[in-house]
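The structure appears below as structure tokens.
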Amino acid sequence: MTKSYEAGLPGRRRRALFGALTLAIAGIAAPAGAQDGATITATIRADQPGPKVDADIFGQFAEHLGTGIYGGIWVGKGSSIPNENGYRSDVLAALKAIKVPMVRWPGGCFADEYHWRDGIGPQKDRPVKINTNWGGVNEDNSFGTHEFMGFAERLSARAYVSANVGSGTPAETARWVEYMTAAANSSSLARERAANGRTEPWTLAYLGIGNELWGCGGNMRPEYAADLTNRFATFAKSGSGKMLKIASGPSDSNYEWTDTMMRLSGKTIDGLALHFYTRPRDADWNDKGPALGFPEAEWASTLQHTLQMDEFITRHSAIMDKYDPEKRVMLAVDEWGTWYDPTPGSNPGFLQQQNSLRDAIVAALNIHIFTRHAERVRMAAIAQMVNVLQAMLLTDGPRMVKTPTYWAFDLYMPWQNATSLPVTVDGPRYRNGTVDIPAISVSAVRDTAGAVHVALVNVDPNRALPVTVDLKGVRATAASGRILTAEAMDAHNSFEHPGAVAPKPFDAARVAGGKLATRLPPKSVVVLRLR
Ligand code: AHR
């Protein structure tokens with residue numbers, strides 16, 4: 001049985017909470033809590049609605065990497081692990097429950113070495129290759145185009161396929177797109193598709209024109225990458241509706257890349273990808289910090305690092321505005337998330353890591369940032385879906401566990417296709433060593449049915465913080481929702497304890513006189529629906 005967080009508070013703390021709430025509702029700053037002595041005040045302008053939050057910012061990335069596909073999504077039809085046509089049943093059910101809107105495949109670095117013809121036709125005839133990027137393991141191509149498109153269809157998710165620009169040709173990409181999208185019986189490739197089991201075309205929502213062309217995708221200069229992007233984009237033509245072309249974009253603060261790509265390819269593409277990975281120790285890729293058992297200093301540095309996403313988006317968008325003031329071209333953050341040292345004892349090429357409450361907070365903060373930039377950021381993909389980096393799900397043979405990041409995505413489902421509402425926050429900071437960041441982050445949306453949802457994140461791992469939210473343009477008298485928190489900073493779900501971190505009901509918010517008042521427990525994500 002789940003327990004409401006408020007109901008779980010000891011009597012003395014519960015009385016203190018209600019004292020603070022009463023004062024806050026009366027418009028008086030609550031007493032204790034924030035050491036700075038201040039109630040955090042936020043304002044939501046529901047009377048000044050912002051742009052739509054595209055559901056696709058909740059997209060997920062599934063690469064041929066480690067056990068991300070094989071074992072994680074695909075076990076094959078003959079497997080003893082329960083499956084539907086080869087797809088793990090538990091993974092499908094978990095992903096359907098959070099309404100995954102979009103899946104990006106097959107890479108990543110893998111994409112620029114992938115040849116689509118290796119992954120069609122009878123399984124026994126598919127070539128076995130070496131996955132040179134990720135652990136040097138065999139790739140038997142048993143998960144190919146039909147298997148990926150079938151997976152996306154089962155999830156009712158839009159498909160995002162990344163083409164091989166680095167070691168492929170424009171003709172290879174053009175034929176792949178034709179194979180996937182040409183009308184039934186309209187060409188030899190359409191007939192080949194039918195012979196392989198699929199008569200009707202699929203819809204391809206996004207085509208990636210290579211991946212990280214500045215690095216594993218070919219170590220190119222931006223000028224060369226832009227020329228190639230134009231060439232590949234020119235010949236890739238969908239036969240089944242609008243297919244948005246996403247160029248390989250910058251990483252982190254590579255503003256020169258964005259400027260050059262927008263100047264030379266801004267008219268041929270529909271989106272520019274941004275990749276940014278959050279690391280506790282960001283000075284050295286060989287020493288990123290552990291996923292579990294970290295000190296508070298690394299809780300703090302991780303959250304400070306992830307908040308740089310806001311600056312990167314702001315500055316890349318400003319450059320894009322120079323060439324595209326109408327914001328026709330989206331900034332697609334199609335790889336984001338935490339990257340830690342690999343789980344001890346695992347194959348380092350498999351990028352396996354545990355996922356803790358810290359990851360859920362990282363996810364929530366990034367969702368707030370994407371929501372704030374909804375006009376330009378209309379698609380994103382967390383890296384990655386299963387078993388790799390900041391995974392939503394972890395599997396081990398027949399066992400599966402939902403991570404705290406999964407639960408963060410679950411909490412934010414009302415954000416999908418909702419209208420963003422402008423928010424301002426005025427309150428204390430969370431400080432640790434050299435880290436100095438806002439203690440509270442707030443995001444709000446109005447869903448398509450008209451209900452307003454408010455998300456509040458307290459990044460401080462030690463202090464509960466009183467918050468008052470001024471609700472401009474909202475008529476509400478009550479709020480209820482769920483909280484994601486835990487005692488330890490690195491609390492996580494293991495196969496032995498799969499339910500250690502999961503949302504619980506949260507009833508400790510009051511609404512009166514156009515204000516919402518609550519007290520946020522340390523290191524928590526609270527998502528409320530106003531009524
Ligand atoms: O997500 C793992 C890798 O990170 C991807 O393959 C690549 O695009 C990025 O560098």
Side-chain angles (χ1 to χ4, degrees), residues 59-70 72-73 102-114 129-137 139 143 148 160-168 206-220 222 225 229 246-254 257 261 271-279 282 284-286 288 291 305-306 309 312 331-343 346-353 355 359 362-363 366 379-394 403 405:
Q60 299 179 23
F61 176 32
E63 178 167 16
H64 287 242
L65 194 176
T67 53
I69 302 282
Y70 300 113
I73 291 170
M102 182 279 284
V103 192
R104 176 176 184 245
W105 172 86
C109 296
F110 183 83
D112 285 288
E113 290 191 5
Y114 183 64
K129 296 206 157 169
I130 295 167
N131 190 332
T132 60
N133 283 291
W134 305 119
V137 294
E139 163 61 61
F143 192 91
F148 169 67
Y160 177 177
V161 166
S162 287
N164 178 348
V165 170
S167 66
Y206 302 100
L207 178 74
I209 315 285
N211 171 76
E212 298 193 350
L213 295 182
W214 40 264
C216 65
N219 289 307
M220 301 172 196
T229 298
I246 311 297
S248 165
S251 167
D252 306 6
S253 61
N254 188 347
W257 186 276
M261 290 298 287
L272 188 66
L274 168 65
H275 291 182
F276 169 48
Y277 284 99
T278 299
R279 288 166 291 138
D282 65 345
D284 180 0
W285 273 93
N286 294 314
K288 298 178 274 298
H305 194 221
T306 213
M309 179 70 91
F312 294 149
L331 188 61
V333 191
D334 63 16
E335 283 186 33
W336 69 273
T338 54
W339 195 325
Y340 306 125
D341 293 338
T343 300
S346 66
N347 182 334
F350 282 13
L351 310 186
Q352 268 173 30
Q353 61 189 42
N355 191 292
D359 295 82
V362 164
N366 279 283
M379 183 261 271
I382 191 168
Q384 299 195 2
M385 189 176 238
V386 190
N387 291 336
V388 177
L389 297 177
Q390 190 176 350
M392 316 295 291
L393 301 169
L394 299 174
T403 66
T405 299

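All figures in this text were calculated on a predicted structure; none of them were measured in a lab. Order of appearance sets the numbers: ligands from 1, and atoms from 1 within every ligand.
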Who's the nearest protein heavy-atom neighbour of atom 10 (O) of ligand 1, and how far?
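Minimum-distance protein heavy atom for atom 10 (O) of ligand 1 reads Glu212 OE1, 2.7 Å.
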Closest non-hydrogen protein atom to atom 1 (O) of ligand 1, residue and atom name please, with distance?
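Sorting protein heavy atoms by distance from atom 1 (O) of ligand 1 puts Tyr277 OH, 2.7 Å first.
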Glu335 vs Arg104 side-chain heavy atoms within contact, under 4.5 Å:
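The answer is yes; the side chains approach within 4.5 Å.
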Compare all side-chain heavy atoms of Val388 with those of Phe350 and state whether any distance is below 4.5 angstrom.
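Side-chain contact under 4.5 Å: no.
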Identify the residue among Leu213, Val165, Leu272 that makes a side chain to side chain contact (heavy atoms under 4.5 Å, CB included) with Thr229.
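One option only clears the test, and that one is Leu213.
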My understanding is that only one of Thr343, Thr67, Thr403 makes a side chain to side chain contact (heavy atoms under 4.5 Å, CB included) with Leu394; could you say which?
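With Leu394 as partner, Thr343, Thr67, Thr403 yield a single side chain to side chain contact (heavy atoms under 4.5 Å, CB included), made by Thr403.
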Numbering the atoms of ligand 1 from 1, which are under 4.0 Å from a heavy atom of [X]?
{"X": "Gln384", "value": "1 (O), 2 (C)"}
{"X": "Trp339", "value": "4 (O)"}
{"X": "Leu389", "value": "1 (O), 2 (C)"}
{"X": "Glu63", "value": "1 (O), 2 (C), 5 (C), 6 (O)"}
{"X": "Cys109", "value": "5 (C), 6 (O), 7 (C), 8 (O)"}

Check whether any heavy atom of Trp134 sits under 4.0 Å from an atom of ligand 1.
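It does, in that a heavy atom of Trp134 comes within the 4.0 Å cut-off of ligand 1.
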Apply side-chain hydrogen bond (donor to acceptor under 3.5 Å, both in side chains) to the pair Glu63 and Trp134, showing each step before the final yes or no.
CA-CA 10 Å; Glu63 178 167 16; Trp134 305 119; 3.0 Å; yes
Between Glu113 and Lys129, is there a side-chain N and carboxylate O pair less than 4.0 Å apart?
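Salt bridge: no.
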Pairs of nitrogen or oxygen atoms closer than 3.5 Å, one from Glu335 and one from ligand 1: do any exist?
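Looking only at distances, the answer is yes, because the N/O contact criterion of under 3.5 Å is met.
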Would you check the N or O atoms of Leu65, main chain and side chain alike, for any that come under 3.5 Å of an N or O of ligand 1?
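There is no such contact.
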Region of Asn133 engaging ligand 1 - heavy atom pairs below 4.0 Å:
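Neither; nothing of Asn133 gets under 4.0 Å from ligand 1.
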Please work out whether any backbone atom (N, CA, C, O) or any side-chain heavy atom from C-beta onward of Phe61 is under 4.0 Å from ligand 1, and answer side chain, backbone, both or neither.
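Side chain only; the backbone of Phe61 stays clear of ligand 1.
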Would you check if the distance from the ring center of Phe276 to the ring center of His305 is below 6.0 Å?
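So the answer is yes for these two rings.
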Reported CH2-to-CG distance for the pair Trp339 and Leu389, which is rounded to 0.5 angstrom:
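Nearest 0.5 Å value for the CH2-CG distance: 5.5 Å.
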